[in-house]
Amino acid sequence: MKKVLSLLLVALATVQVVQAQDHLNTLYDSTSVVMEESGLSHVINHKRIRAIDYQGCKELSYLKLDYDPLSAYVEFRDAKIYRKGNNTPEQISLDKVYDYVAPARLIYWGASQKMLTIGHLNPGDEVEFTSYRKGFTYALLGDDDSRYIPPMQGHFYDIVPFWADHKVNQKVYQLDILKSKNIRYCIYNGTIQIDSADHGDRICYTFTKNDITPIAHEPNMVADNDVQTKLILTTAADWQAKSRWFYGVNEDYGSFNATPELKRKVEELIKNAGSELDSISILTHWVADHMRYCGISMGEGEGYTLHNAQMNFSDLCGVCKDKASLLIAMLRAAGFEAYAAMTMAHERIENIPADQFNHSVAVVRRHDGTLQPLDPTWVPNVRELWSSAEQQQGYLPGTPEGSDLQITPLSPAEDHYISIICNSSIDKEGNLTAHLVLQAEGQSDNAVRGIFNAPKSEWPKNIEQELLKIAPNARLINVTSTDPEKYLDQPVSIVYEFTIPQYAMVADNEITFIPFSARNFFARAMSHLYFNTQIETRQYGFADRCSRLVTISENITLPKGYKKSATLPEAQNAKGDAAGYSISYSLDGNTLLFNESIQLNKRVYEASEWSQFRTAVQAQKNAATQYITITK
């Protein structure tokens with residue numbers, strides 16, 4: 001369980017940006033790729049790594065190669081140890097290679113690993129090895145070497161990170177390819193030396209980078225691939241070509257052909273729908289809530305092709321592509337034009353048509369002609385059709401005419417509000433009595449509603465626990481809430497009535513306290529409070545859960561006679577494109593009025609926007625510890 005918020009904030013303040021401690025040093029990392037006309041690629045990787053300390057010795061005591069037997073072949077070809085101070089290598093027997101099913105959770109697609117045991121090492125020892133691979137990540141089955149040809153046959157694509165979590169003296173990536181393939185490449189977030197050599201109808205490109213050092217990671221920073229040097233290569237002409245291919249491969253497979261049973265279900269679900277959006281929402285949330293997330297290898301049809309509607313509707317079990325596939329089939333059965341789309345969760349898609357995807361979603365064409373993205377994987381029990389935790393994210397619809405890369409727009413902060421309205425009173429002994437209304441929408445609604453993701457018998461305890469996190473001696477008098485299971489009917493709302501004995505400190509003619517609503521009640525719905533605002537500047541972009549608007553107001557009735565203050569804080573406010581805030585205190589007779597608003601306008605921020613974000617979050621944190629003293 002989380003500690004009381006004040007303790008949590010102290011703990012967070014101790015987190016610092018730390019430079020990674022190198023336990024290993026890669027002396028060289030060389031990859032050679034030869035592509036055939038069909039798209040089949042042969043990859044040889046040659047590395048030599050030194051163990052710096054005993055932790056490095058432990059990490060280097062074995063080597064692993066991940067692969068999918070249905071679409072890739074891998075092998076260790078050579079391995080040896082160079083003991084410190086000895087140039088004569090010790091050969092490692094390849095009899096020590098173990099081939100086994102890879103550990104998995106929720107997705108069981110038959111992934112495997114080959115492990116080579118190196119054995120005991122001492123600091124300064126070096127391991128040199130060579131491995132070979134052919135094939136790719138996702139499986140579309142065929143005979144012989146055809147299973148290793150990528151789905152977009154005759155094409156090549158690769159994403160090569162020129163970064164590591166330890167020092168690399170030299171990294172080389174070499175590609176030998178037919179000139180007719182018209183390879184395109186881009187380098188991001190740094191520089192790489194490029195050389196090329198003609199060999200008749202083929203050309204060989206060599207990309208080299210020396211002295212690669214790990215960066216100092218910052219809390220909540222964006223993905224490494226968004227800030228560190230990488231190379232992306234592709235033979236696809238443009239996004240439209242990749243879009244048309246993705247459309248075609250699924251249509252040819254028959255992924256979205258609706259069965260009579262599925263059509264009857266669709267008719268049942270939308271018979272009372274009042275509008276186009278009603279029908280889309282009903283079908284999206286039905287798939288989101290009724291199809292379990294779990295992937296099992298079904299043989300043919302894995303990878304880029306989406307399992308067919310009959311299988312998905314019968315099993316009601318699958319991964320993102322299966323949920324998207326079932327939704328598309330149901331939308332088409334309802335008369336909509338719908339297609340599959342690819343996206344990349346939690347990482348930027350660069351504007352070069354390579355395979356930069358890890359997630360499958362759906363799009364539906366509205367009557368006005370626009371394509372609306374839908375994600376049944378990310379919206380179970382969420383009052384959205386496309387999770388705003390995926391805003392500012394690239395996606396590519398697979399359409400017959402071909403689509404360009406799309407970007408999900410910013411979701412307004414007010415669409416994800418959390419509102420706290422409290423009326424309270426403090427008696428002359430310092431006891432607090434309060435009536436508090438909590439409401440939330442969008443991703444904030446989802447975060448608040450998380451307390452109901454438990455058996456019903458635990459709901460009362462979970463509701464009370466949020467109060468006890470702020471005041472362990474609080475006494476809950478009554479609580480009411482919207483029906484957690486009818487989340488589409490209205491935003492979540494919880495009404496608390498409670499008392500807190502001796503909440504305020506009473507001495508002589510003074511009464512001292514912090515407005516209860518200022519103390520970050522339901523911080524579980526405000527992920528920005530968990531950022532370490534002790535960090536003054538950032539070098540890299542950072543990400544929050546979602547854009548968000550926090551509004552808090554409280555009227556606190558004080559005992560008779562308490563009507564003035566010498567320590568009432570001045571109003572504070574600041575407004576920026578990325579974030580803003582306002583906080584005010586005022587006295588109206590013997591009633592203290594507290595108002596607070598924190599507006600965070602993005603999910604993904606640039607490093608230059610840290611100052612605005614940090615200032616707004618600090619203001620809310622400071623208000624949670626700001627004592628008010630009222631005198632007679």
Side-chain angles (χ1 to χ4, degrees), residues 243 246-247 250-251 255-258 262 265-266 269-270 273-293 304-309 312-313 316-346 349 357-400 403-412 415-416 441-443 445-446 487-488 546 603:
S243 169
F246 188 51
Y247 166 81
N250 289 300
E251 297 297 331
S255 298
F256 315 123
N257 297 334
L262 187 143
K265 186 64 179 179
V266 170
L269 289 170
I270 65 172
S275 67
E276 171 194 42
L277 187 58
D278 280 349
S279 295
I280 293 171
S281 178
I282 289 167
L283 296 177
T284 300
H285 285 291
W286 188 89
V287 174
D289 294 346
H290 288 81
M291 192 170 186
R292 295 161 296 175
Y293 189 93
Y304 284 95
T305 51
L306 279 62
H307 289 146
N308 64 57
N312 290 325
F313 185 58
L316 287 180
C317 180
V319 293
C320 59
K321 66 191 183 76
D322 304 308
K323 286 196 166 198
S325 177
L326 180 57
L327 176 57
I328 293 162
M330 297 183 85
L331 287 166
R332 290 188 179 184
F336 289 97
E337 183 182 339
Y339 305 103
M342 301 180 287
T343 184
M344 185 72 166
H346 301 306
I349 297 178
F357 308 104
N358 64 2
H359 184 42
S360 183
V361 296
V363 294
V364 63
R365 194 176 298 280
R366 300 293 297 272
H367 287 162
D368 63 3
T370 59
L371 285 175
Q372 177 177 349
L374 307 167
D375 190 350
T377 300
W378 279 37
V379 296
N381 299 309
V382 177
R383 289 173 49 81
E384 293 189 289
L385 298 177
W386 173 274
S387 168
S388 293
E390 300 174 276
Q391 61 183 294
Q392 299 167 266
Q393 185 168 300
Y395 68 99
L396 181 69
T399 62
S403 171
D404 199 359
L405 183 69
Q406 306 293 309
I407 304 295
T408 56
L410 287 171
S411 184
D415 288 354
H416 308 280
E441 177 61 294
Q443 288 297 311
D445 172 283
N446 183 42
Y487 69 94
L488 291 177
C546 183
R603 180 182 73 88

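What you see is a predicted model; the values in this text were computed from it and never measured. Numbering starts at 1 and runs along the sequence shown. These values consider heavy atoms only, across backbone and side chains, with no hydrogens, waters or symmetry-generated copies.
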Student: I'd like to know if the side chain of Thr408 reaches the main chain of Gln392, judged simply by a donor and an acceptor atom lying under 3.5 Å from each other, with no hydrogens or angles considered.
Tutor: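 A pair under 3.5 Å: yes.
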
Student: Can Thr377 and His359 be counted as having a side-chain donor-acceptor contact under 3.5 angstrom?
Tutor: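 Side-chain D/A pair, Thr377 to His359: absent.
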
Student: Nearest 0.5 Å, please: how far is OG in Ser388 from CH2 in Trp378?
Tutor: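 The distance works out to 11.0 Å.
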
Student: Determine yes or no for a side-chain-to-main-chain donor-acceptor pair under 3.5 angstrom, with Asp278 supplying the side chain and Gly274 the backbone.
Tutor: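 Yes, Asp278 side chain to Gly274 backbone: donor-acceptor pair under 3.5 Å.
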
Student: Give, for atom CG of Asn358 and atom CD1 of Ile349, the distance between the pair rounded to the nearest 0.5 Å.
Tutor: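 Here the rounded value is 8.0 Å.
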
Student: Is the shortest side-chain heavy-atom distance between Ser279 and Ile270 below 4.5 Å?
Tutor: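 Yes, their side chains come closer than 4.5 Å.
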
Student: Does a side chain donor of either Asp289 or Tyr487 reach within less than 3.5 Å of an acceptor in the other side chain?
Tutor: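 On atom types as modelled, these side chains qualify, holding a pair under 3.5 Å.
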
Student: From His416 NE2 over to Asp445 CG, what is the distance, rounded to the nearest 0.5 angstrom?
Tutor: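 Atom-to-atom, His416:NE2 and Asp445:CG are 10.5 Å apart.
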
Student: Taking Asn257's backbone N and O only, do any of them form a donor-acceptor pair with Asn308's side chain (distance below 3.5 Å, no angle check)?
Tutor: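 Not confirmed, Asn308 side chain does not pair with Asn257 backbone.
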
Student: Taking Leu306's backbone N and O only, do any of them form a donor-acceptor pair with Ser255's side chain (distance below 3.5 Å, no angle check)?
Tutor: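 Side chain of Ser255 to backbone of Leu306, a donor-acceptor pair under 3.5 Å: yes, one is there.
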
Student: So among Arg603, Gln391, Glu384, which one has a side chain to side chain donor-acceptor pair (under 3.5 Å) with Gln443?
Tutor: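 Answer to the side chain to side chain donor-acceptor pair (under 3.5 Å) test with Gln443 among Arg603, Gln391, Glu384: Glu384.
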
Student: What distance separates Ser360 OG from Ile328 CD1, expressed to the nearest 0.5 Å?
Tutor: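 One gets 6.5 Å once the value is rounded to the nearest 0.5 Å.
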
Student: Could you walk me through whether Glu390 and Tyr395 pass the side chain to side chain contact (heavy atoms under 4.5 Å, CB included) check?
Tutor: CA-CA 10 Å; Glu390 300 174 276; Tyr395 68 99; over 6 Å; no

Student: How are the rings of Tyr247 and Tyr339 set to each other: parallel, tilted or perpendicular (split at 30° and 60°)?
Tutor: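 Rings of Tyr247 and Tyr339: perpendicular, as their planes differ by over 60°.
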
Student: I'd like to check Thr399 versus Leu371 (side-chain heavy atoms, cut-off strictly below 4.5 Å). Are they in contact?
Tutor: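 Thr399 reaches Leu371 side chain to side chain.
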
Student: Pick from Val361, Val363, Thr284: which one makes a side-chain contact (heavy atoms from CB on, under 4.5 Å) with Trp386?
Tutor: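 Checked Val361, Val363, Thr284 against Trp386; only one passes side-chain contact (heavy atoms from CB on, under 4.5 Å): Val361.
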
Student: What distance separates Leu331 CG from Leu326 CG, expressed to the nearest 0.5 Å?
Tutor: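 Between atom CG of Leu331 and atom CG of Leu326 there are 9.5 Å.
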
Student: Rounded to the nearest 0.5 Å, what separates atom CZ in Phe256 from atom CE in Met330?
Tutor: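 If I round to the nearest 0.5 Å, the distance is 14.5 Å.
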
Student: Any non-hydrogen side-chain atom of Leu396 less than 4.5 Å from a side-chain atom of Phe357?
Tutor: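 Contact flag for Leu396/Phe357 side chains = yes.
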
Student: Verify, without hydrogens or angle tests, whether Gln393 (side chain) and Thr343 (backbone) share a donor-acceptor contact under 3.5 angstrom.
Tutor: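 No.
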
Student: Taking C-beta and beyond as the side chain, do Leu277 and Leu385 meet within less than 4.5 Å on heavy atoms?
Tutor: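 Result yes, sub-4.5 Å side-chain heavy-atom pair found.
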
Student: Can any side-chain N or O of Arg332 pair as donor or acceptor with the backbone N or O of Phe336 at less than 3.5 Å?
Tutor: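 It does not hold such a pair.
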
Student: For a quick test of reading the model, state the closest non-hydrogen atom pair linking Ala329 to Leu262 and the distance between them.
Tutor: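 Nearest pair, atom of Ala329 first, then Leu262: O-CD2, 4.0 Å.
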
Student: Given Pro380, which of His285, Lys323, Met291, Arg292 fulfils the side-chain contact (heavy atoms from CB on, under 4.5 Å) condition?
Tutor: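 The single option meeting the side-chain contact (heavy atoms from CB on, under 4.5 Å) with Pro380 is Lys323.
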
Student: Are a donor atom and an acceptor atom from the side chains of His307 and Asn312 found within less than 3.5 Å of each other?
Tutor: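 Looking only at side-chain atoms, Asn312 and His307 do not form any donor-acceptor pair under 3.5 Å.
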
Student: Could you tell me whether the side chain of Gln406 and the main chain of Asp404 form a donor-acceptor pair under 3.5 Å?
Tutor: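 Side chain of Gln406 to backbone of Asp404, a donor-acceptor pair under 3.5 Å: yes, one is there.
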
Student: Counting N and O atoms only, with roles assigned by atom type, does the side chain of Arg383 sit under 3.5 Å from a partner on the main chain of Leu488, one being a donor and the other an acceptor?
Tutor: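 The answer is yes, because a donor-acceptor pair under 3.5 Å joins these two groups.
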
Student: Identify the heavy atoms of Ala324 and Pro376 that sit nearest to each other, and give their distance.
Tutor: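 Minimum heavy-atom separation between Ala324 and Pro376: N-CG, 4.0 Å.
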
